[in-house]
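Report on one structure; see the data block that follows.
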Amino acid sequence: MVGRRRGPTNPRTVFMADYQPENIERKWQEFWRHERLFAAAVDPTRPKFYCLDMFPYPSGEGLHVGHPEGYTATDILSRYKRARGFNVLHPMGWDAFGLPAEQYAIKTNTHPRIVTQQNVERFRRQLQALGFSYDWDRQINTTDPAYYRWTQWIFLKLYHAWFDESAQKARPIGELIADFAAGRRLVPGGQRWADLAPAEQRRVLANFRLAYEQEAPVNWCPVLGTVLANEEVIDGKSEVGGFPVERRRMRQWMLRITAYAERLLNDLDALQWPESLKMMQRNWIGRSEGAQVDFQLAGGGKITVFTTRPDTLFGATYMVLAPEHPLVDLARADHVVPSAWPAATRPEWKADSPAPGPRHAVAAYQRQVAARTERQRQEDTGKTGVFTGAYAVNPVNHEAIPIFVSDYVLMGYGTGAIMAVPAHDGRDFQFARRFKLPIRRVVSASSTNPQAGELPWEADGFSVASPGIEGLATAVAKSRICAWLEQHGHGGRRINYKIHDWLFSRQRYWGEPFPLVHLEDATTVALVEEQLPLELPPLEDFKPTGAMTPPLDRAATWRNVAVRLEGDPANPQARVVPPGTPGAVPARREANTMPQWAGSCWYYLRFLDPHNDRAFCDPKTERYWMTHPDGVDLYIGGVEHAVLHLLYARFWHKVLFDWGLVSSAEPFHKLVNQGLILGEDDRKMSKSRGNVVNPDAVIAQYGADSLRLFEMFMGPLEQVKPWSTKGVEGVHRFLQRLWRNLAADDPKARVVWLNHGTWFTNRGRLDVGPARAAEAAAAALRRPLHRTIRKVTQDIEKLSFNTAISAMMEFNNLLTKSDWIPSDMARTLLRLLEPFAPHIAEELYQKLSAVPGERAASGPGPAGPPASLTRMPWPDYDEALCVDEVLEIPVQINGKLSGRVKVAAEAPPEQVLQAALADAQVQARLANRPLRKHVYIPGRMLNLVV
RNA sequence: GCCCGGGUGGCGGAAUGGCAGACGCUCAGGACUUAAAAUCCUGUGACCUGUAAAGGUCGUGCGGGUUCGAGUCCCGCCCCGGGCACCA
């Protein structure tokens, strides 16, 4: 307890109510909400400002001090922009579907719906205790059927779209059907569209949709009982909980984010995002230019590889397939592994133990690799592998080269197969040495010496020993080879991306159901839009099954439905009808649910028009809030969403953009990452370390204003910084001092105002002496006040809140020392403080205005209760009043500080020079040395060069 | 290994190429008090000279450079944080 209780002997207690945040904060929070002061509405007469927080996941832990950091920053901006006449949209909601809440539900054996309700309620209470100026009427919850109805609706937009490569945009699936029907586009497989049965047509279309089902190796997490997206797996462990993840083949729903790779990459450039974050997205997308090359197999078929160095094709001396590559899957008929070792097989190619044949050796190697975790594979970069017994033909020189299996080639990148050029790739070089494979130089570092550069030479150079591209620089050689490959049908130029399609289904209960049904012919059909939302059935046993089947599998009555197909048989929509309805066919609902990220992919759009039940958002409303600049004006949140939410949301936004449903190509124009707040011990806050700071406790002891202020005062917003209880006390003291200075109901208050030429305090008019002192105080404070307004204004615009606060502290320190405090200046300071510490600012402002006679002095305001400070305009400053009348100019001699001279602010340079030369101290240091030149920076400093 | 950030007092941090260390914390001294707390005032980068007043030297990770002048710009290193990483 700091300064809250005064001893009974302190006489001031009798007269003056101390600053006690608990007495005022709740009151103003309720007032602001009751008066709906922060409600936003479309208003074309005012410029808009959309100020958004990453809405929280209401975990069971409650709020931690990291949450209010970003939220306070956006709140300051919101309150400030309102004062500057902007129409501010500042909403808050709940991202409440997903694994953590469900895990917590399982742990506590409570239904996720209940857990979520409790968590939301707790979070809302905690956030409201901080006095944020959210428009609470727009509160949304991703688990609300009225919300996820539109999540499902947008999913259908993905489902009903295909990506037109040539137009580089998504188009309605109906246009693809039209293209197929009219023969403008060839049907894969070569048949005529009209010759295909509807079910076959549906299967063809399924391969084009942005949402599609695919059997593929996926990240299966046995502990969580679900598959995870690549973005949710970090170092072979689940992002949620850190549980081991294994590769399994499963049939899963995917979203075709790879189609948007190029646009997701290019559109980053124009965004005002932290460079590091853009870099993370670029890395994740992982674009690389190169070529695709087909190597014919001796026994028919081919191996396709991706290479960034097609110019080294003549140096390929062997090939490598990933252990998971289909061509070495012995269960498949088309695998390449012969039953016996070829004659030329070197003993070391057969792996460590002499295996009876290549099939045994390959299988053994595959087992060995499968036994190692992803982690072990990445850490151990020693090269292992085994010869498959098969050979492929290099298209450029018709050489037969051996094919190996090795885990240094990853199935997940490129084609899962490489051509190995040991002379020009470090990894191939290592492998070739170990397996005694030829190393053939085809690039030289020099155009004159064909042997220049130590092997492996990975940098660019000049081609050697490569007929057709001999002597060419690498860049030229690459394009020559690509052209040749294209010409001869062996491949060609190709851009490869690291990013994979987004694995979008989860074997969990607590997520959005897919609005899809499966028919008996094994095709999938979307529900009609009118039947959305497809609500999650109230399943009692919501726990993961442990097997790979989702919990919704158990909701038999929910799953098994009768549907009537409507529309084009190639792309019908299913309407669920009562069983027995004529024309109805049996169907099973999709039992997987959507991942946690689905709801957050578009929530910023729902905030624009949260109660609309005819559209996810009204188009006019969308245009008003999302243009000029394109997207959200300011978005603040943690960097942990760099390649999750921020990438997924951009993807969905672009799909909506292609459908013409949103007006901007990007959702978030400007983005700032707040820095992590560490514990007082400089380490990351965690329960196990016992260094977690609970915002509720801080508010109870110091008040919300102190918490807000301290979080902003700690240091730059983006920076990682440690918590400090002493620091909270520091800003709390500042507020106490401010209270003592400005609480005008104190009989000892020094607040004064001028009314018709007479100075008053709350005890009446001042005598001549004090009046003169008040006059002097006002004059002395005028310039510092204008400087403070300027500093705070500029710093808020820069999001430099720590320095803005220090400027207000400085001004308050002046007030503390001043005999008298003019009330209009107090008012201005409170206006500046309001975005940061709104409760105390509003309270003091109202107190000031409640003193009889005072308000008359502050202008011709209407009678009656004073308006909320939050409605007062932002003060202007006078640039001329930001500089002192008399300046003290530092004088340097040869760049070294040697004295100071006082000159008038407007003094011409010569006068400053003369004043400096006349200064005794300067003269002494000059010691009669002749002045060679001088540099004068007006108002800043004078440098004398001798 | 590659790509981003960043190294400033005892601590968090501040400084359009122009007085380094604003503001806050800490600590010390003083006022008030019977006393303590709170509050208010003063001081608080290091070192040196001086009883003192005052003065001097050094100082923004290290080494160089540009400039009248560098925490700030350029070159080369060291260290810390973050991201990527057998990506063909």
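In what follows, chains carry the letters A, B, and so on, assigned in the order in which the sequence lines appear, proteins first and then strands, with residues in each chain numbered from 1. Model, not experiment: these values are computed from the prediction.
- With B:C87, B:C19, B:U39 as the choices, the nucleotide that has an atom nearest any side-chain atom of A:L897 turns out to be B:C19.
- Minimum atom distance to the side chain of A:K498 is reached by B:C87, of the listed B:C41, B:C87, B:C19.
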So which protein nitrogen or oxygen atoms get under 3.5 Å of nucleotides 65-71 of chain B's nitrogens or oxygens?
residue, atom, partner, partner atom, Å
B:C68, O2', A:N943, ND2, 3.3
B:C68, O2, A:N943, ND2, 2.4

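- Backbone-only contact: A:P716 has heavy atoms under 4.0 Å from sugar-phosphate atoms and none from a base.
- Between the CG atom of A:N673 and the C1' atom of B:G83 there is a distance of 12 Å, rounded to whole Å.
- For the 3.5 Å distance criterion, the side chains of A:S463 and A:D311 fail to qualify, holding no donor opposite an acceptor.
- Note: CD (A:Q719) to C1' (B:G82) measures 13 Å, nearest angstrom.
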Pairs under 3.5 Å (N/O, protein and nucleotides 4-11 of chain B):
none

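- Atom CZ in A:R683 sits about 17 Å away from atom C1' in B:G81, given to the nearest Å.
- You'll find the side chain of A:V891 stays beyond 4.5 Å of the side chain of A:D919, heavy atoms only.
- A:R494 CZ to A:C482 SG: the interatomic distance, rounded to the nearest 0.5 Å, is 12.0 Å.
- Whole-Å rounding puts the A:M714 CE to B:A14 P distance at 13 Å.
- In the set B:C41, B:C87, B:G18, the nucleotide with an atom closest to the side chain of A:R427 is B:C87.
- For the pair A:L742 and A:I821, the minimum side-chain heavy-atom distance is below 4.5 Å.
- For B:C40, the OP1/OP2 oxygens have a side-chain nitrogen or oxygen of A:R740 closer than 4.0 Å.
- Checked by atom type, the side-chain pair A:E680/A:T725 shows a donor-acceptor distance below 3.5 Å.
- Look at A:K896 and you'll find a side-chain N or O under 4.0 angstrom from OP1 or OP2 of B:U57.
- Across the protein-nucleic acid pair, A:E231 atom CD and B:G83 atom P stand 16 Å apart, rounded to whole Å.
- Residues A:H786 and A:Y877 keep their aromatic ring centres 6.0 Å or farther apart.
- The aromatic ring centres of A:H732 and A:Y19 sit less than 6.0 Å apart.
- Of the candidates A:H490, A:M419, A:K302, A:F295 forms a side chain to side chain contact (heavy atoms under 4.5 Å, CB included) with just one, namely A:M419.
- Among residues two or more places apart in sequence or in another chain, the side chain to side chain donor-acceptor pair (under 3.5 Å) test is passed with A:N23 by A:Q20.
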Give the dot-bracket line for RNA chain B from 5' end to 3' end: parentheses for intra-strand Watson-Crick or G-U pairs under 3.5 Å, square brackets for crossings, | for inter-strand pairing, dots for unpaired.
(((((((..(((.....[....))).(((((.......))))).(((((....)))))..(((((..]....))))))))))))....

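- The backbone N or O of A:R683 sits less than 3.5 Å from a side-chain atom of A:D681, completing a donor-acceptor pair.
- Closest to the side chain of A:R925, out of B:A14, B:C87, B:G55, is B:G55.
- Here the NE2 atom belonging to A:H934 is positioned 6.5 Å from the CG atom belonging to A:L942, to the nearest 0.5 angstrom.
- In this structure, B:G29 shows a glycosidic angle more than 90 degrees from zero, which is the anti conformation.
- Among the atoms of the strands shown, none is found under 4.0 Å from any heavy atom of A:V891.
- Under the 30°/60° scheme for interplanar angles, the aromatic rings of A:H645 and A:H641 are found to stand perpendicular.
- Between A:S288 and A:K791, the residue whose closest nucleotide on RNA chain B is further toward the 5' end is A:K791.
- Counting only residues at least two apart or in different chains, side-chain hydrogen bond (donor to acceptor under 3.5 Å, both in side chains) contacts with residues 312-323 of chain A comprise A:Y318-A:Y408.
- Between A:Y497 and A:T258, the closest side-chain pair of non-hydrogen atoms is not below 4.5 Å.
- Checked against the 6.0 Å centroid threshold, A:F713 and A:F801 do not count as a close aromatic pair.
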Taking only nitrogen or oxygen atoms into account, show me every contact under 3.5 Å that the protein makes with nucleotides 22-25 of chain B, one pair per line with its distance.
residue, atom, partner, partner atom, Å
B:A22, O2', A:E810, OE1, 3.3
B:A22, O2', A:E810, OE2, 3.3
B:G24, OP1, A:N813, ND2, 3.1
B:C25, OP1, A:R733, NE, 3.0
B:C25, OP1, A:R733, NH2, 2.9

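- B:G12 atom P lies 14 Å from atom CG of A:D681, rounded to whole Å.
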